[in-house]
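Proteins get letters first, then strands, A, B, ... in listed order; numbering begins at 1 in each.
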Amino acid sequence: MKVSYFETGRYVSPPDLPREWPVPAGSYNPETGAEAYRGMVERVRFVEELGFDWVSVSEHHYSPRILTPSPVVSAAYLAARVDKIKIAMLGPIVPVSNPIRVAEEVAMLDTMAPGRIVVGLLRGTTNEYLSYDLNPKESRERTDEGMELILKAWTEPQPFGWQGRYFQYRTVSVWPRPQSQPHPPTYALGTSAEAGEFAARHRLGIGLSYGTFELMAKSANYYREQCARYGWEPGPDDIIYRANMILAETDDAAEEALRRRDRQAPFPIRGGLRDALLQSDTTRNIAGERRPANVGGVLPISFCGGPDRVVEQLRQCREEVGAGVVDLSLQDPGTGNLAGMMHALELFGKKVLPRIRDL
Amino acid sequence: MSKKAPIVAQTQDGLNSEAPGAAFRECFIEVDGFRIRYMEAGQGTPLVHLHGAGGMRLTPGHDLLSRHCRVIAFEMPGFGSSPENTRTRTMAELAATMATAVSNLGIDNFNLMGTSFGGKVALWLAVQQPERVEALVLEAPAAIRPTGSEPPSGSPEEMARRLYAHPERLSALPVPDPAVQAKTRALVARLRGPDRDADLESRMRRLPTPTLVLFGTLDRVIPPEMGRFYKELLPNCHLVFVYDAGHAIGTERPEAFTEVTLDFLERREAFVVSRTKTVIHP
């Protein structure tokens with residue numbers, strides 16, 4: 001099993017920071033922000049030393065919860081400062097992106113850091129569409145088309161035009177082409193039937209996140225079925241599971257931390273807006289089974305315990321979901337106990353990581 | 001060429017309520033001893049269309065094109081209701097016959113569009129008479145094929161699965177007349193030529209005609225990757241992928257097909273320069 005550390009740009013918020021999304025830009029503190037980004041490098045060097053395989057970065061907007069609106073900038077920043085660890089851009093959010101720009105930037109990164117870039121393409125959660133004014137009802141189709149176009153831009157050797165539904169280009173011919181051929185390891189991120197089918201059709205991996213093992217297994221099984229339909233079998237590295245983990249020296253200490261955990265989202269969306277978003281996005285599903293959209297809710301803890309118990313839970317995850325890569329947060333993004341997180345990372349690196357390699 | 005009408009198949013004027021091609025009138029022309037049927041609609045610059053191996057089938061794309069130009073869709077001799085064609089021996093011969101058909105309509109210069117098998121005929125016509133063809137549009141052309149590829153065959157359902165990306169969104173294909181099917185199959189087998197036609201390809205390298213090659217991203221008859229060969233061979237070629245369309249682009253994504261086709265026919269190479277307005281509130 002491979003392990004990825006989810007780096008979110010830890011902005012340590014003062015207690016008096018407004019707690020509603022979008023968080024006013026005027027309340028941003030430049031010093032705190034600069035420290036958050038310096039800390040990214042320190043943390044990634046730390047997990048690299050501990051033997052983590054990947055660091056992942058994501059795309060989120062308008063709050064300090066995850067201070068990385070541009071995953072490409074995050075990836076480039078880290079790629080220049082660490083040497084071995086792979087950098088997984090588990091963004092960009094495709095429906096709000098220019099797909100050609102994404103193709104070009106990833107190809108640049110893959111050339112600058114050959115063999116070290118991993119890419120996840122996703123639809124993103126509904127609230128993210130407010131940032132760039134996207135109609136949520138168009139997000140599914142824009143995602144599918146955008147992903148298709150990104151793959152075509154990486155692989156088509158001749159200049160071409162694209163006559164899409166949501167994207168139209170008359171001239172596409174990206175330079176550089178990706179260093180990895182045909183393209184760097186790429187995942188469709190999402191639990192939906194659409195993501196599973198797309199990934200299978202293009203021989204991509206799939207990235208699942210935060211759901212229970214049972215639900216994620218349902219999604220992973222759907223993906224595997226689709227892969228079989230397209231005549232191939234995914235390997236363990238083709239399934240990523242992103243999840244929160246509370247790891248402590250003992251099970252009791254972890255349970256206690258779980259009890260103390262804030263039950264409210266750090267920067268919730270106002271009720272009326274939340275309802276409007278939910279009403280505008282009704283196509284979310286897990287392997288085809290309808291599910292409500294997640295709009296700024298608290299994300300669950302999937303792994304909790306001392307090292308022994310967590311190893312067992314990871315084994316269960318490997319067996320039930322089939323995930324060969326776990327992408328972990330050892331503390332909720334947007335919360336400020338950095339020392340506690342570093343301790344948990346160290347504990348994971350020393351007491352858990354060596355025992356899950358062969359899972 | 002008129003650019004007045006919007007390119008939308010779902011309109012208030014009932015376009016979509018009738019079968020595709022309802023506005024076309026049936027005509028015939030005598031050529032080389034063949035009585036060739038054709039369907040015509042629209043005004044303006046002539047756009048000659050040569051159909052695929054399944055025969056002439058007017059699509060919503062034809063309807064939309066006919067609002068902006070004079071569309072002449074030929075039924076090539078030996079296809080459809082025409083008598084069996086045992087005389088035409090090669091694609092080059094068929095192309096020469098079709099060029100004469102256009103001449104016999106009193107048309108010197110014209111835009112030429114070929115679909116699949118008809119794309120190969122259109123290429124042969126263009127290399128034979130480049131001075132007459134103003135611009136060439138190849139819809140999922142079958143002039144360059146992967147080794148061993150076969151034209152679609154089988155039941156209407158099997159055909160639909162090959163021709164369309166989303167057969168479930170379209171009305172069922174008609175059950176073919178076995179006699180028509182048999183004579184067409186023999187003709188296509190005789191004329192389609194090798195998967196890579198060295199003679200044609202060497203001529204393509206010298207063809208100056210502005211050419212637009214369209215492939216659906218989900219083409220299950222000719223892989224869209226074949227598009228790159230046209231781009232390599234033809235000196236003035238533009239390759240455009242039509243997203244989420246199969247082999248029959250004009251049927252599945254008529255608005256997208258028509259917009260790019262008309263823009264290319266109107267502006268040729270300049271069609272790569274966007275005229276899309278992005279002002280929201282002037």
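- Contacts between B:I249 and chain A at a heavy-atom distance below 4.5 Å are absent for every atom of the residue.
- How far CG of B:D244 is from CD of A:E141: 8.0 Å, rounded to the nearest 0.5 Å.
- Using a 4.5 Å heavy-atom cutoff, the side chains of A:E156 and B:F241 are in contact.
- Atom CZ of B:R196 is surrounded by more than 12 heavy atoms from other residues, nucleotides or ligands within 6.0 Å.
- The shortest heavy-atom contact between A:Q163 and B:R253 is O-NH1, 3.1 Å.
- If you take CG on A:L151 and OG1 on B:T217, they are separated by 11.5 Å, rounding to the nearest 0.5 Å.
- More than 12 non-hydrogen atoms from other residues, nucleotides or ligands lie less than 6.0 angstrom from CD of A:Q181.
- The closest side-chain heavy-atom distance from A:D144 to B:Y243 is below 4.5 Å.
- Looking only at heavy-atom pairs under 4.5 Å with chain A, the residue among B:V242, B:T276, B:L212, B:L214 that has the most is B:V242.
- Once rounded to the nearest 0.5 Å, the distance linking CZ of B:R228 with CD of A:Q158 reads 8.0 Å.
- The pair A:R170-B:E259 meets the salt-bridge criterion, since a charged nitrogen lies less than 4.0 angstrom from a carboxylate oxygen.
- Expressed to the nearest 0.5 Å, how far NE2 of B:H238 lies from CZ of A:F160 amounts to 14.5 Å.
- With a threshold of 4.5 angstrom between heavy atoms, A:E145 approaches chain B through its backbone and through its side chain.
- With a 4.5 Å cut-off on non-hydrogen atoms, A:Q168 touches chain B through its side chain but not through its backbone.
- Heavy atoms from other residues, nucleotides or ligands lying under 6.0 Å from CZ of A:R101 number 12 at most.
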